Structure formats: C-alpha cells, structure tokens
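Worksheet: one structure, shown below.
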Amino acid sequence: MEQRDYFEDVYDVVRLIPPGRVTTYGAIARYLSLRAGARMVGWAMNAAHGRDVPAHRVVNRIGVLSGKHFFGSPTAMQDLLAAEGVRVTDDRIEQFDKVLWDPTTELQ
DNA sequence: GAACTGACTCAGC
DNA sequence: GGCTGAGCCAGTT
C-alpha cells in the first residue's frame, strides 16, 4: 500500500503548480520520465487525495475535469478552479492553452 | 493466482 | 478526421 518514490515526486510537481494554472497527467509523467505513463499519475492522484496536493489543478490532456467525480461533489473541482481564476465550462477548462502549466517547459 | 479496472495517452486505421 | 486498440503499473476482485 506504500506509495512509490515517484508518488512523492508527482505530489511535489503538483504542489509547484502556480494558482490559476493547471497541468496534465501526461505532462507530469513526461517531466518525471515515468515509463508507466499518465495512468500512474492518475493513480498517484487517487492516493494523493486527502493530502496537501492540489489535485484539482491536474486534468487530462484536453482540459476536461476527468477527476471531478472524486472530489465528493460534481462541482467541487470546478469551484476550486474558479476560485483561482480558472474558468470552467461544461467540465472543460476555458483557454486551456493559456492556463496550461507544463513543468517540462515552465519548471524545467 | 489470474483477470479486470482505472483521475491517460499515443499510434494506427 | 473520428474511432479503436494497445500499453503502462498498481490495487481490487
């Protein structure tokens, strides 16, 4: 049940996401060079739930809040993003290209 | 202990 | 250009 080391790395990257910005599972996976791919990032997020990890800033590659169902309320994730200035319409992030924060490019 | 599933993504058709 | 299949790891059945 113990999470792997890269779980902590994923949490660290997610915590580095600036407010009002979002990133994708694939971007984190590529930044950490996870051979497992985006799926394990999503699994890490599942384990990260309840920790100090802003999982609401992590979405899939098209900017859809695929994990909103895990926030207890269908609009909880959207509300958290809206509180940070990220517009969300129909479970999709508006201007996803602009709010996208890619650690490979931004953080390096 | 094998098979299925999952907060995904890419390549092929 | 939209749909389908395959692949990755871990946890659950």
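The figures here come from the full heavy-atom set of this structure, side chains too, leaving out hydrogens, waters and symmetry mates. Note on naming: letters A, B, ... go to the chains in the order of the sequence lines (proteins, then strands), and numbering restarts at 1 for each one. This structure is a prediction, so every number in the text was calculated from the model and none was measured.
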Exercise. Which ones in residues 13-20 of chain A lie close to DNA chain B, meaning a heavy atom under 4.0 Å from one of its atoms?
Worked result: none

Exercise. How is A/Ala44 classified with respect to the nucleic acid when contacts are heavy atoms under 4.0 Å: base, sugar-phosphate, or nothing?
Worked result: nothing

Problem set entry | Partners passing side chain to side chain contact (heavy atoms under 4.5 Å, CB included) against A/Ala29 (at least two apart in sequence or in another chain) | A/Leu34, A/Val41

For this session: Send over the distance from A/Ile28 CD1 to B/dA7 C1', rounded to a whole Å.
Result: 11 Å

For this session: Kindly state which residues belonging to residues 64-91 of chain A come within less than 4.0 angstrom of DNA chain B, counting heavy atoms of the residue only, listed by number.
Result: A/Ser66, A/Gly67, A/Phe70, A/Phe71

For this session: With the side chain counted from C-beta on, respond yes when A/Arg57 and A/Trp101 share a heavy-atom pair under 4.5 Å apart, and no when they do not.
Result: no

Exercise. Counting only N and O atoms by type, is there a donor-acceptor contact under 3.5 Å from the side chain of A/Asp102 to the main-chain atoms of A/Thr104?
Worked result: yes

Filtered N/O pairs between nucleotides 9-13 of chain B and protein, under 3.5 Å:
from  : atom 1 : to      : atom 2 : distance (Å)
B/dT9 : OP1    : A/Gly26 : N      : 3.4
B/dT9 : OP1    : A/Arg61 : N      : 3.0
B/dT9 : OP2    : A/Arg61 : N      : 2.8

Exercise. Given Watson-Crick or G-U pairs with both distances under 3.5 Å, what dot-bracket string fits DNA chain C, with | for other-strand pairs and [ ] for crossing?
Worked result: .||||||.|||||

Problem set entry | Partner residues of A/Pro74 under the side chain to side chain contact (heavy atoms under 4.5 Å, CB included) criterion, sequence neighbours left out | none

Exercise. Residues in side chain to side chain contact (heavy atoms under 4.5 Å, CB included) with A/Leu100, at least two apart?
Worked result: A/Thr24, A/Phe96

Problem set entry | A/His49: partners by ring pair (Phe, Tyr, Trp, His ring centres under 6.0 Å), with sequence neighbours left out | A/Phe71

For this session: Using side-chain contact (heavy atoms from CB on, under 4.5 Å) as the criterion, point out the one residue from A/Val59, A/Val13, A/Ile28, A/Val99 that pairs with A/Thr23.
Result: A/Ile28

For this session: Please state how far atom CE in A/Met40 lies from atom P in C/dC9, giving the value in whole angstrom units.
Result: 9 Å

Problem set entry | Test item: A/Arg21 side-chain N/O and A/Lys98 main-chain N/O as donor-acceptor pair under 3.5 Å | yes

Seminar exercise, completed: From CG of A/Leu34 across to P of C/dC9 the rounded distance in Å is 10 Å

Problem set entry | Under 4.5 Å side-chain linkage, directly or through intermediates, the cluster mates of A/Val64 | A/Ile62

For this session: Given side-chain hydrogen bond (donor to acceptor under 3.5 Å, both in side chains), test A/Glu84 with A/His56 step by step and report yes or no.
Result: CA-CA 11 Å; A/Glu84 296 181 353; A/His56 60 276; 3.1 Å; yes

Problem set entry | Pairs where residues 10-19 of chain A contributes a residue and the test salt bridge (Lys or Arg N to Asp or Glu O under 4.0 Å) is met, not counting sequence neighbours | none

Exercise. Can you tell me how far C1' in B/dA7 sits from the matching atom in C/dC3, rounded to whole Å?
Worked result: 23 Å

Problem set entry | salt bridge (Lys or Arg N to Asp or Glu O under 4.0 Å) partners of residues 58-75 of chain A, not counting sequence neighbours, each pair once | A/Lys68-A/Asp91

Exercise. Under the side chain to side chain contact (heavy atoms under 4.5 Å, CB included) test, which residues partner A/Asp79, sequence neighbours left out?
Worked result: none

